[in-house]
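Working notes, beginning with the structure itself.
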Amino acid sequence: MMSAVEDAPCKLTVCRGCCCGTKKKVPGVDHDAQLARLGAIDDHSARRVPVRTSKCLGICFQANVVVVQPSATGRAAGGRPVWLGEMTEDDLLEAVDDWIFEGGPGLAPLPAALEDHVTSKDAKKPKKRKKARGDKLKDPEAKRLKAEKRHKKDRKDKKKSKKKKKKAEKA
C-alpha cells in the first residue's frame, strides 16, 4: 500500500499579487473566478489538486503564471514542474484540468493548447528591437511624413526670407 506522500496528486502554484492576477496588468480577466476554477480541479483518482498562491514568481511579463507540479507518480516517471505563462483564457485552464486528469507532467503529454504557453522561472523579458535608422525610412508612411515635414519647413523658411527682403527694401 502507498503512503499519502508517495501517492500525492499534482499541485498548482498560481502567481497572484505583484502583477499576475491584477486588473491593471491583465485587464478583462476575472482573476478570482480563475483561481476558483483552478481550485476545483480533481485528478483521475478524484483527489482535489492543491492550489497555493505566490506573491510573485518573477516573470511578470508573462502574467498570469501557473506552475503545474507533477504528482508523486509523475515525478517518479521523470515529470518535472511545468511553468505556464499568459494563462488568461478559460480554455487554457480547461486544458490544464484535462492534462492533470490524464496524469499531468511525467504521465501525460502536454496538451497542444498549452504548448505556446510553456515558459520557465528563468525566462527573460524579450527586448524590444530598436529600429535602425534605415528601418524607419523603409516604411513608406514614415518616408511620406518626413518629406511632408521637410516641405513645410522649406515653405516656412521661404516666407521668412521674403519678409526679410521686404523689410530690407523698405529700409
Side-chain angles (χ1 to χ4, degrees), residues 1-136 138-139 141-142:
M1 181 175 204
M2 286 189 158
S3 73
V5 172
E6 291 172 341
D7 196 28
C10 290
K11 295 179 185 122
L12 295 172
T13 302
V14 182
C15 190
R16 289 290 185 266
C18 174
C19 296
C20 296
T22 65
K23 288 182 181 179
K24 183 178 179 183
K25 179 73 175 186
V26 188
V29 174
D30 185 344
H31 300 283
D32 293 334
Q34 266 197 340
L35 197 55
R37 172 68 183 94
L38 291 170
I41 295 175
D42 292 331
D43 69 5
H44 62 282
S45 298
R47 297 176 297 188
R48 186 61 35 117
V49 173
V51 176
R52 71 178 178 170
T53 58
S54 170
K55 289 208 183 262
C56 186
L57 291 172
I59 54 172
C60 301
F61 66 96
Q62 291 193 349
N64 291 340
V65 179
V66 175
V67 181
V68 182
Q69 297 168 332
S71 64
T73 308
R75 174 72 80 169
R80 295 292 174 258
V82 176
W83 287 59
L84 301 167
E86 300 174 347
M87 298 294 290
T88 56
E89 298 174 25
D90 292 338
D91 61 330
L92 297 173
L93 301 182
E94 193 64 36
V96 169
D97 187 343
D98 293 345
W99 185 34
I100 289 173
F101 186 80
E102 295 298 321
L107 298 176
L110 182 72
L114 299 177
E115 287 175 358
D116 290 341
H117 296 271
V118 174
T119 186
S120 78
K121 64 181 177 184
D122 301 319
K124 299 289 183 219
K125 183 175 183 176
K127 292 184 179 180
K128 290 183 180 177
R129 190 177 81 89
K130 290 183 180 178
K131 285 188 176 181
R133 187 162 166 75
D135 286 353
K136 288 181 183 175
K138 287 179 186 174
D139 177 17
E141 182 64 13

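Bear in mind the structure is a predicted one, so any value in this text is a computation, not a measurement.
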Inset, instruction - Check C56 against C15 and note the closest heavy-atom contact, atom names and distance. - result: CA-SG, 3.7 Å

Legend entry - Residue pair R48 / A40: nearest heavy atoms and the distance that separates them: NH1-CA, 3.7 Å

Inset, instruction - Could you tell me whether the side chain of W99 and the main chain of A108 form a donor-acceptor pair under 3.5 Å? - result: yes

Inset, instruction - Could you go through the side-chain contact (heavy atoms from CB on, under 4.5 Å) check for V66 and H117 one step at a time? - result: CA-CA 10 Å; V66 175; H117 296 271; over 6 Å; no

Legend entry - Pairwise distance CG(L57) to NZ(K121) - rounded to 0.5 angstrom: 11.0 Å

Inset, instruction - Give, for atom CG of L93 and atom OG1 of T88, the distance between the pair rounded to the nearest 0.5 Å. - result: 8.5 Å

Inset, instruction - Check whether any side-chain N or O of H31 sits under 3.5 Å from a backbone N or O of V26 as a donor-acceptor pair, and report yes or no. - result: yes

Inset, instruction - Give, for atom CZ of R75 and atom OG1 of T73, the distance between the pair rounded to the nearest 0.5 Å. - result: 12.5 Å

Legend entry - Which atom of S120 lies closest to which atom of I59, heavy atoms considered: O-CD1, 3.5 Å

Inset, instruction - Compare every heavy atom of P111 with every heavy atom of A95, then report the nearest pair and how far apart it is. - result: O-CG, 3.8 Å

Legend entry - Whether E86 side chain and D116 backbone form a donor-acceptor pair below 3.5 Å: no

Inset, instruction - Heavy atoms only: give me the nearest C10-G103 pair and the separation to one decimal. - result: SG-O, 3.8 Å

Inset, instruction - Check salt bridge (charged side-chain N to carboxylate O under 4.0 Å, His left out) between R80 and all other residues, then give those that pass, not counting sequence neighbours. - result: none

Legend entry - Derivation and outcome, side-chain contact (heavy atoms from CB on, under 4.5 Å), residues V65 and L84: CA-CA 6 Å; V65 179; L84 301 167; over 6 Å; no

Legend entry - Inter-residue atom distance L114.CG - M87.CE, 0.5 Å rounding: 5.0 Å

Inset, instruction - First locate atom CD of Q34, then atom CD of E89, and finally report the distance between them rounded to the nearest 0.5 Å. - result: 9.5 Å

Legend entry - Spacing of CG belonging to L12 relative to CD1 belonging to I100, to within rounding of 0.5 Å: 4.0 Å

Legend entry - Any side-chain heavy-atom pair of D43 and S71 under 4.5 Å: no

Legend entry - Given V67, V68, T13, the one that forms side chain to side chain contact (heavy atoms under 4.5 Å, CB included) with P81: V67

Inset, instruction - Kindly check if the number of other-residue, nucleotide or ligand heavy atoms within 6.0 Å of CG (D90) is above 12? - result: no

